[in-house]
Amino acid sequence: MCIFCSIIKKEIPAGILYEDEDVIAFLDISQVTKGHTLIVPKKHVETMLDCEEETLAHVMMLAKKIGNHLMNKLSANGMNVLSNVYQAAGQSVPHFHVHLIPRYDENDACIIHFEESEKQDLDALQSLLKL
Ligand code: 5GP
Ligand code: ZN
């Protein structure tokens with residue numbers, strides 16, 4: 001059984017901050033930083049890429065609303081808003097969720113690091129990927 005579906009069904013407890021018919025928001029058990037929150041659609045879909053558009057729009061609207069609320073209440077200086085898609089990207093719970101990670105300074109426990117890797121042919125990539 002999916003752990004987030006169990007939280008949604010109230011079979012296991014969580015620090016729920018907000019709930020409506022379609023979406024729930026609760027405190028992440030790991031609290032990477034103070035106030036780390038997950039926004040989760042109640043209907044089980046594995047990733048953001050599987051989520052129907054109306055639900056996704058609702059999740060992102062709440063990410064904005066709850067994100068602003070956390071920023072104000074916790075006096076955070078920034079926030080990472082992210083969703084890991086599949087294990088290769090670090091997804092550990094296969095039920096779509098958006099992380100809200102309030103940031104206090106660059107040396108807090110949330111480490112997200114982008115490094116330049118091998119050079120790509122941007123023109124070739126653009127022709128391959130253009131929609
Ligand atoms: P992912 O790695 O899939 O992007 O994120 C899953 C998140 O779910 C992790 O940050 C993890 O701490 C959180 N998590 C896993 N199990 C539970 C749980 O039982 N309760 C709560 N509140 N969070 C959980
Ligand atoms: Zn689920």
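Just so you know, these numbers come straight off a predicted model, no measurement behind them. Indexing begins at 1, ligand by ligand and atom by atom, following the structure's order.
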**Request:** Enumerate the atoms of ligand 1 whose separation from the nearest heavy atom of Ile3 is less than 4.0 angstrom.
**Result:** 19 (O)
**Protein heavy-atom partner closest to atom 8 (O) of ligand 1 - residue, atom, separation in Å** = Phe4 CZ, 3.4 Å
**Prompt:** Looking only at heavy atoms, is any part of Asn84 under 4.0 Å from ligand 1, and if so is it the side chain, the backbone, or both, or is it neither?
**Reply:** side chain
**Message:** If we set the cut-off at 4.0 Å for heavy atoms, which region of Val93 has an atom near ligand 1: side chain, backbone, both, or neither?
**Reply:** both
**Message:** Quick one: does any side-chain atom of Asn72 pair with a main-chain N or O of His69 as donor and acceptor, under 3.5 Å?
**Reply:** no
**Asked** Of all the non-hydrogen atoms in the protein, which one sits nearest to atom 1 (P) of ligand 1, and at what distance?
**Response** His97 NE2, 3.2 Å
**Message:** Can you tell me which N/O/S atom of His95 has the shortest distance to the Zn ion (ligand 2)?
**Reply:** ND1
**Message:** Are Phe26 and Phe4 an aromatic pair, judged by ring center distance below 6.0 Å?
**Reply:** yes
**Message:** I'd like to check whether Gln91 has a polar contact with ligand 1, where a contact means an N/O of the residue lying under 3.5 Å from an N/O of the ligand.
**Reply:** no
**Message:** Is Leu82 close enough to touch ligand 1? Criterion: a residue heavy atom under 4.0 Å from a ligand atom.
**Reply:** no
**Message:** Can you confirm, on distance only, whether ligand 1 has an N/O atom lying under 3.5 Å from any N/O atom belonging to Gly90?
**Reply:** yes
**Prompt:** Between His36 (side chain) and Ile29 (backbone), is there a donor-acceptor pair under 3.5 Å?
**Reply:** no
**Prompt:** What is the closest protein heavy atom to atom 12 (O) of ligand 1, and at what distance does it sit?
**Reply:** Asp28 OD1, 2.6 Å
**Message:** If we ignore hydrogens and angles and just use 3.5 Å, is the side chain of Gln31 paired with the main-chain N or O of Gly35 as donor and acceptor?
**Reply:** yes
**Top protein contact for atom 23 (N) of ligand 1, by heavy-atom distance** = Ile29 N, 3.2 Å
**Request:** For Leu38, take its heavy atoms, then give the atoms of ligand 1 lying under 4.0 Å from any of them.
**Result:** 8 (O)
**Asked** Ser30 heavy atoms, cut-off 4.0 Å: which ligand 1 atoms fall inside?
**Response** 10 (O), 12 (O)
**Request:** Examine distances only and state if a side-chain atom of Asn77 and a backbone atom of Tyr104 form a donor-acceptor pair shorter than 3.5 Å.
**Result:** yes
**Message:** With a heavy-atom distance limit of 4.0 Å, tell me whether Phe96 approaches ligand 1 through its side chain, its backbone, both, or neither.
**Reply:** neither
**Prompt:** What angle, in degrees and rounded to 10°, do you get at the Zn ion (ligand 2) when you join it to ND1 of His44 and to SG of Cys2?
**Reply:** 110°
**Asked** Any donor and acceptor pair, going by atom type alone, linking the side chain of Arg103 with main-chain N or O of Cys110 inside 3.5 Å?
**Response** yes
**Request:** Identify the heavy atoms of Lys42 and Asp20 that sit nearest to each other, and give their distance.
**Result:** NZ-O, 2.7 Å
**Prompt:** Considering Thr37, Ile16, Ile7, which one's heavy-atom position lies nearest to atom 18 (C) of ligand 1?
**Reply:** Ile7
**Item:** Check: Ser75 side chain, Met71 main-chain N or O, donor-acceptor pair, under 3.5 Å
**Value:** no
**Request:** Kindly state whether the ring of His97 and the ring of His99 have centres lying under 6.0 angstrom apart.
**Result:** yes
**Asked** Under 4.0 Å from ligand 1, counting heavy atoms only, is it the side chain of Leu27, its backbone, both or neither?
**Response** backbone
**Selected option - heavy-atom contact closest to atom 3 (O) of ligand 1, from Ser6, Ser92, Ser83, Pro13** = Ser92
**Prompt:** Within the side chain of Thr33, is there an N or O that forms a donor-acceptor pair under 3.5 Å with the backbone of Pro102?
**Reply:** yes
**Item:** Sidechain-backbone polar pair: Gln91 side chain, Val93 backbone, donor-acceptor under 3.5 Å
**Value:** yes
